[in-house]
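Owing to the predicted nature of the structure, the values given are computational and were not obtained by experimental measurement. Per chain, numbering begins at 1; letters A, B, ... match sequence-line order.
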Amino acid sequence: MVQHFIRSLIDADLAAGRHTTVVTRFPPEPNGYLHIGHAKSVCLNFGLARDYQGRCNLRFDDTNPEKESTEYADAIQEDVRWLGFQWDGEVKWASDYFQALYAYAEELIEKGLAYVDDLSPEEMRAYRGTLTEPGRDSPWRDRSVEENLDLFRRMRAGEFPDGAKTLRARIDMASPNINLRDPVIYRIKRAHHIRTGDAWVIYPMYDYTHCISDALEGITHSLCTLEFEDHRPLYDWVLDHISIDCHPQQIEFSRLELHYTVTSKRKLNQLVTQGFVSGWDDPRMPTIHGMRRRGYTPEGIREFARRIGVSKSENVVDMGVLEACIREDLEAKAPRVMAVIRPLKVTLTNFEAGVTANRSAGFHPNHPEFGEREVPISREIWIEQDDFAIDPPEGWQRLTPGGEVRLRYSYVIRCDEVVRDAAGRVVELRCSIDHDTLGQNPKGRKVKGVIHWVAAEHALAAEVRLYDRLFTDPEPDGHKDRDFLEFLNPHSLETVQAWVEPALRDALPELRYQFERLGYFCADRCEHQPGSRLVFNRTVMLKDSWASGSEAPKGPHMDQQRGR
RNA sequence: UGGGGAGUCGCCAAGUUGGUUAAGGCACCGGAUUUUGAUUCCGGCAUGCGUAGGUUCGAAUCCUACCUCCCCAGCCA
């Protein structure tokens, strides 16, 4: 368990007897899919409840029917469960409290603490003042309680058009905190709500709704992001002025930013609607749906949330941290198989034609309990194009003309002849096997290099999708004068036809494998069909101390754009 | 120029009732093992805690001033 300031606050509350348990909530608005930033919040809220043996609610903040949909609400529930968490009791909805919220509003009116305002949006802005100048009281601020009550009831009854009136808290138009300058708490909006349908034409605002919802659920610690810090006085004001005996503590922490991506629902939505990605679940998206489809694991994401910590300082976390968590999890769990994604034909000249030999290979070098499968070999095999070099750089351990290399789980071969096409491209290698090297090292010499391969005759065709970061800039939305779309990486997806070993024939969707020396891959949960159409998504590459070294030639684009 | 926050290694982040050599992770750099240049294993990596002063036997931790960055003027959340 990692200590952070929120735990310290909770520990102090528990020690002082202010609370005997911890009740948190994860309160998304169903207006988009969850992303990695939400995952941090999910892990924080549900994790705290678990660690302190308390409870955590899932509550939808569904107070703006114009933007919300059941598709989003369903996807969010699926994501929270997939991440490995279970909310306390039934799913909660802010709309469950509309009637109670309405009653509390009447209470505020009766106390002279809320009034119906006729100002138009433009007028209200003008009356609000600026950051440095106080606002002015609305001419409607001093209506009588009776008139306010009557007007508010008629608002609810649908007697006024959308936007004609609002209900405002009567606080202080001169407050240096703009959120306290008589904030609107109800607006008239004739929109069909995903749960209450057309039952209401007035909807409560976030600040008013959230604190009361928290209190009604007995939340002890209400965690939110830094931008709501200014709203805390309003959160407290509402609860201090209505008849409710629960007053949760709002605690703010900084949101998560990740290098080379964006975590803004608006921008993610833009990527989807403008077709820059295939959908919310595109494996390049930092959404939970996208990461899942890419092959990221719940355990890996949870570990990531643990490692990045919780604080109040702005932060942009390296993608490498997330990738390290995913690799670490997959390293222990993913069976190893071989696949060739950029094939180069190799003929084993001293291997008898028409003969197939099988050799058993373990699914995991450190976990014999994963079992083994038969790996067939025959006269023609595929190897990776970049495992061969005509003119190798210093330190090269792979195949060269006249050089030797070990075929993983199989023989040592020597490249005797390089076959080129008319354009001079290498199209085939003719190699000979050292028959004495099966399961043993050759005598009198060392063969350092080991490469992966598949038998051409037995290989299965597969579509492999190689994903790279979605943006070329570490902070695509961090440039004031440039649009984030300018930094889209044109090479973020490359689809190749690959050959995989027969053991993958009936792999189920969402199963994850390590393709040896290439990376971790996941059978696509949408398009992969066992036994017929094989589709694998590259989850993350293996660490590659050769490619990152100075001797290795760099790819044409970014370091991550290497084929392997 | 109003209010609210934040500044500890390239990226995160402990530490903040002042007390030995400023945790840990990612990244990076060495080296060992290895039929994945993977994994694993060893070792290295802030005389420094936004800056400048001050208090103190002693300060990242206290005081003063200053600097930089972020958020707020939706009938969004």
Q) Hey, does A:Val412 reach any base, or is it just sugar-phosphate, or nothing, if we go heavy atoms under 4.0 Å? A) nothing

Q: Enumerate the residue pairs fulfilling side-chain hydrogen bond (donor to acceptor under 3.5 Å, both in side chains) with a member in residues 360-376 of chain A, sequence neighbours excluded, ordered by first and then second residue.
A: A:Arg336-A:His364, A:Ser360-A:Glu372, A:His367-A:Glu369, A:Arg373-A:Glu501

Q.
For A:Val91, give me all partners under side chain to side chain contact (heavy atoms under 4.5 Å, CB included), at least two apart in sequence or on another chain.
A. A:Leu58, A:Phe60, A:Gln77, A:Trp87, A:Trp93

Q) So what stems show up for RNA chain B if we need 3 or more Watson-Crick or G-U pairs in a row, all under 3.5 Å? A) B:2-7 with B:67-72, B:10-12 with B:24-26, B:28-32 with B:40-44, B:50-54 with B:62-66

Q) Residues two or more places apart in sequence or in another chain: which of them pass salt bridge (Lys or Arg N to Asp or Glu O under 4.0 Å) with A:Asp96? A) A:Arg195

(Q) Please enumerate all residues that pass ring pair (Phe, Tyr, Trp, His ring centres under 6.0 Å) together with A:Trp499, with sequence neighbours excluded. (A) A:Trp382

Q: Quick one: which residue pairs count as a salt bridge (Lys or Arg N to Asp or Glu O under 4.0 Å) with a foot in residues 3-12 of chain A, not counting sequence neighbours?
A: A:Arg7-A:Asp51

Q: Output all residues satisfying side chain to side chain contact (heavy atoms under 4.5 Å, CB included) with A:Asn148, sequence neighbours left out; order by chain, then residue number.
A: A:Ile109, A:Tyr115, A:Val116, A:Arg143

(Q) Need to verify one output field. Residue with the more 5' nearest nucleotide on RNA chain B, A:Val317 or A:Glu229? (A) A:Glu229

Q: Return the set of residues passing side chain to side chain contact (heavy atoms under 4.5 Å, CB included) with A:Met205 (not counting sequence neighbours), or none when no residue passes.
A: A:Val184, A:Arg187

Q) Residues in side chain to side chain contact (heavy atoms under 4.5 Å, CB included) with A:Lys543, at least two apart? A) A:Arg327

Q.
So if I define the base as every atom that isn't primed, P, OP1 or OP2, how would nucleotides 71-77 of chain B read as a B/S/- string at a heavy-atom cutoff under 4.0 Å?
A. BBBSBSB

Q) side-chain hydrogen bond (donor to acceptor under 3.5 Å, both in side chains) with A:Tyr97: which residues, sequence neighbours excluded? A) A:Glu217

(Q) Using a 4.0 Å heavy-atom cut-off to protein, can you give one letter per nucleotide of nucleotides 27-43 of chain B, 5' to 3': B if the base is in contact, S if only the sugar-phosphate is, - if neither? (A) S------BBBBSS----

